[in-house]
Protein chains: 2
Amino acid sequence: MSVTIKDIARKLGITHSSVSRALNGKPGVSPELRRKILETARQMGYTPNAMARGLVTRQSMTIAFIVPDFANPFFVEIAHAVNSTASARGFTTIMCDNQWDHEEELKQIRLMAEKRVDGIIIKSFGEDDSYLLDLGIPVVKLNPATSPDLSSIDVDNVLGAYLATEHLIQCGYQNIAFIGSHTDTQTFSDRFQGYARALSHYLRTVDARLVCQGEYTHESGARCYDQLLATGVPFDAALCENDMIALGVYDRAMRDKKKIPEEFGLIGYDDMFFAGLPMTQLTTMAQPKQKIGVKAAHLLLDLITHPDKTKQRHLVYKPELIVRKTTRPI
Amino acid sequence: MSVTIKDIARKLGITHSSVSRALNGKPGVSPELRRKILETARQMGYTPNAMARGLVTRQSMTIAFIVPDFANPFFVEIAHAVNSTASARGFTTIMCDNQWDHEEELKQIRLMAEKRVDGIIIKSFGEDDSYLLDLGIPVVKLNPATSPDLSSIDVDNVLGAYLATEHLIQCGYQNIAFIGSHTDTQTFSDRFQGYARALSHYLRTVDARLVCQGEYTHESGARCYDQLLATGVPFDAALCENDMIALGVYDRAMRDKKKIPEEFGLIGYDDMFFAGLPMTQLTTMAQPKQKIGVKAAHLLLDLITHPDKTKQRHLVYKPELIVRKTTRPI
DNA sequence: ATGAAAGCGCTAACAT
DNA sequence: ATGTTAGCGCTTTCAT
């Protein structure tokens, strides 16, 4: 068994409350006794028990970060920012990945509640947030806010997709496909909406045969490209819901010996790290991932540490088009 | 405040020990009472307090996964496997990333000890493992074992680098550079050793001017390439300590209009997901990441749940060369 | 089958 | 400045 404050107290012939005070830097201990306590604690190899402390303070100094999929580098980057920020403020982050499984997501939330995390940052994909509200702890959603009682940090996906599509049109591409993921995600419908708006604003209404759905993987992107091809409807450009998908499309277009960007234009989304690599050079819509992660963490921690002073915030960042080599010059 | 078992007990006019028994599926509660308890717990919105439980059971049902850098996809993939495996067995994983900072690493270990994690999986980069041994909990190192009291799962890096270098030689490259990371890591020295062995076995001893060190990033790889170039010593191939580095080298070689693989051969390490993409097609040395993660988690959890039945294990996996387009056919 | 009581390691009033 | 006491919410003997 490990050393407790009582062990230290016994060894020194004092009470454990003095030890607690000393160890926590609280007033009410004479300098010399404090020194002795610290010294003894050190040499006895004392390690405070966070569970015991948390039980009485009602704080676990832990937050949860829940996202659908850590195979997606986008979430990993945000996770990293969250983790560093939280860590710098003394909090530990537990990261959860639920493979787009709603049941699993609920289980994780429940488990985090049992662990008594002090707050949650979540990219959820369901509609219903009641279970988040019931938790009674601060929650920052990485989705558009559905309830004023939850905070949210988001990027304007409609705008992003609109701008990307607009760019493709201005580049002179005529038949622009949209290749996305699950229909039931907010992200999909927002980006699709932006795409549809730009299309009907500049060209014509959406041709449903030019819309394809799958997953957030390059395999899925490749598959969608092939499906699109199979329909026989011509297309000379594609807006992809994210860079992974775009990569798969890129691959297939190269296989078909299409000249990029001359004969085929391609825009991804998220500016994942490989998008900027020399061999990729993918035009993409960038989101301020770093900012999102840092801000989400700070917001959540503020909500935790001074709930009153922090106003519930709902931030919406703007995405930014990064033009590289997969779209032809305007 | 949230609902406790005492609240449930009070409401039902019974003791909290019965509630505890019922909730934990332990014997000693009549079927009907159990049913009533479960029902009441549900409708009162009871959520067990893991900290309180952990305090008495001396189990947190949590493990820690500590690696130098989550910007490295290699670690992310392993983390993912660890996380899923642990989760399936009812354990939560806390992931820590310490930016190759040894002080930070120690801090994290200490913090995890305070949280009373039940075990640790760690890719450590120091020499001294005494602080890990002192913890008194199971530890699985993702490095070669330094102490018989720690378990370890590792891949033979010397062999891997040897095989890669051998391949480059068999392809007919004459002047093979080694581009790596920090000198002080075990990984570096192992892979360098494999490189050196193959070189002196087949060609000649290592030319120190063809060895360059930096970090695990493509920027660093590019920088090293330029440095190598600046020395004026000719080189027509490079073995990189990982794929990120190789990417940077790839970039620069393309910039210099070198024909790959005709004029310049390149081998990476780790088979990160982008290595296999059509636009990359990097020859690389693959490690069984999935296997490592899953095995590490299982081993650790076995060590935790039945310490006696599990023998301390030291596994060494074999790496596998994946030949793609950055090395010319033999 | 149920209840009573002790205690996990700690913090925080409240005494002294 | 130090000690005493009472929990935090839970599991676990030990009685009944």
Side-chain angles (χ1 to χ4, degrees), chain A residues 1-38 40-41 44-62 90 110-111 113-118 136-137, chain B residues 1-38 40-41 44-62 90 110-111 113-118 136-137:
Chain A
M1 300 299 111
S2 49
V3 182
T4 72
I5 52 172
K6 284 192 180 169
D7 295 331
I8 300 175
R10 196 173 314 122
K11 182 148 195 172
L12 256 35
I14 55 177
T15 21
H16 64 279
S17 29
S18 289
V19 178
S20 174
R21 282 188 281 259
L23 256 22
N24 290 307
K26 302 226 163 152
V29 191
S30 70
E32 55 179 335
L33 180 56
R34 175 171 312 233
R35 206 196 45 68
K36 268 206 302 205
I37 291 173
L38 260 42
T40 315
M44 289 180 79
Y46 171 72
T47 305
N49 185 323
M51 292 195 285
R53 170 181 295 160
L55 191 55
V56 26
T57 60
R58 294 158 173 293
Q59 275 228 127
S60 60
M61 298 303 283
T62 304
R110 228 191 106 73
L111 184 58
E114 293 187 7
K115 299 231 177 232
R116 295 297 191 268
V117 295
D118 300 323
I137 54 172
Chain B
M1 300 301 110
S2 48
V3 182
T4 72
I5 51 172
K6 284 192 182 169
D7 295 330
I8 300 176
R10 197 173 312 122
K11 184 148 193 172
L12 256 35
I14 54 176
T15 24
H16 64 278
S17 24
S18 289
V19 178
S20 175
R21 282 189 280 258
L23 256 22
N24 290 306
K26 303 226 164 153
V29 192
S30 69
E32 54 178 334
L33 180 55
R34 176 173 311 240
R35 207 197 43 69
K36 268 207 301 208
I37 291 174
L38 260 41
T40 316
M44 288 180 81
Y46 171 71
T47 305
N49 186 323
M51 293 195 285
R53 170 180 296 161
L55 191 55
V56 23
T57 61
R58 294 159 173 294
Q59 274 227 137
S60 60
M61 298 302 282
T62 305
R110 228 191 106 71
L111 184 58
E114 294 187 6
K115 299 234 179 229
R116 294 297 191 268
V117 295
D118 301 324
I137 55 172

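Lettering of chains follows the sequences in order, A, B, ..., and the numbering in each one begins at 1.
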Query raised in the report: Atom CZ of A:R35 to atom C1' of D:dA1: distance rounded to whole Å?
Result: 17 Å
Query - Approximate separation, where rounding is to 0.5 Å, of A:K36 NZ and A:T40 OG1 - result: 8.0 Å
Report task. Classify the nucleic acid contact of B:T15 as base, sugar-phosphate or nothing, counting any heavy atom under 4.0 Å across all strands shown. Result -> base
Query raised in the report: From B:I8 CD1 over to B:L38 CG, what is the distance, rounded to the nearest 0.5 angstrom?
Result: 9.0 Å
Query raised in the report: Base, sugar-phosphate, or nothing: which does A:S30 touch, judged by heavy atoms less than 4.0 Å apart?
Result: sugar-phosphate
**Report entry** side chain to side chain donor-acceptor pair (under 3.5 Å) against A:R53, all qualifying residues, sequence neighbours excluded
**Finding:** A:N24
Report summary line: The side chain to side chain donor-acceptor pair (under 3.5 Å) partners of A:T62 (sequence neighbours excluded) come to B:K115
Query raised in the report: Whole Å only: how far is the CG atom of B:L55 from the C1' atom of C:dG7?
Result: 9 Å
Query raised in the report: What's the closest nucleotide to the A:L33 side chain, out of C:dG9, C:dG3, D:dT2?
Result: D:dT2
Requested in this report: Have a look at the helix from C:dA1-D:dT16 to C:dT16-D:dA1 and give the angle its two end axes make, five pairs each, rounded to 10 degrees.
Outcome: 40°
Query raised in the report: Which residues satisfy the side chain to side chain contact (heavy atoms under 4.5 Å, CB included) test with A:I137, sequence neighbours excluded?
Result: A:V117, A:I120, A:L135
Query raised in the report: Which residue pairs pass the salt bridge (charged side-chain N to carboxylate O under 4.0 Å, His left out) test with at least one member in residues 10-27 of chain A, sequence neighbours excluded?
Result: A:D7-A:R10
Report summary line: For B:I5, the side chain to side chain contact (heavy atoms under 4.5 Å, CB included) test, sequence neighbours excluded, returns B:H16, B:V19, B:S20, B:L23, B:Y46
**Report entry** Partner set under side chain to side chain contact (heavy atoms under 4.5 Å, CB included) for B:T15, not counting sequence neighbours
**Finding:** B:S17, B:S18
Query raised in the report: In whole angstrom, what separates B:E114's CD from C:dG9's P?
Result: 15 Å
Report summary line: When rounded to whole Å, the CD1 to P distance for the pair A:I8 and D:dT2 reads 16 Å
Query - Interatomic distance where CD belongs to A:Q59 and C1' belongs to C:dG9 [whole Å] - result: 18 Å
Query raised in the report: Which parts of nucleotides 10-16 of chain C does protein reach within less than 4.0 Å, heavy atoms only, written one letter per nucleotide 5' to 3' as B for base, S for sugar-phosphate only and - for none?
Result: BBBB---
Query raised in the report: Using a cut-off of less than 4.0 Å, is there contact between a side-chain N or O of A:R58 and OP1 or OP2 of D:dG9?
Result: yes
Report summary line: Taken to the nearest whole Å, CE/B:M61 to P/D:dT11 is 13 Å
Query - salt bridge (Lys or Arg N to Asp or Glu O under 4.0 Å) partners of B:R58, counting only residues at least two apart - result: none
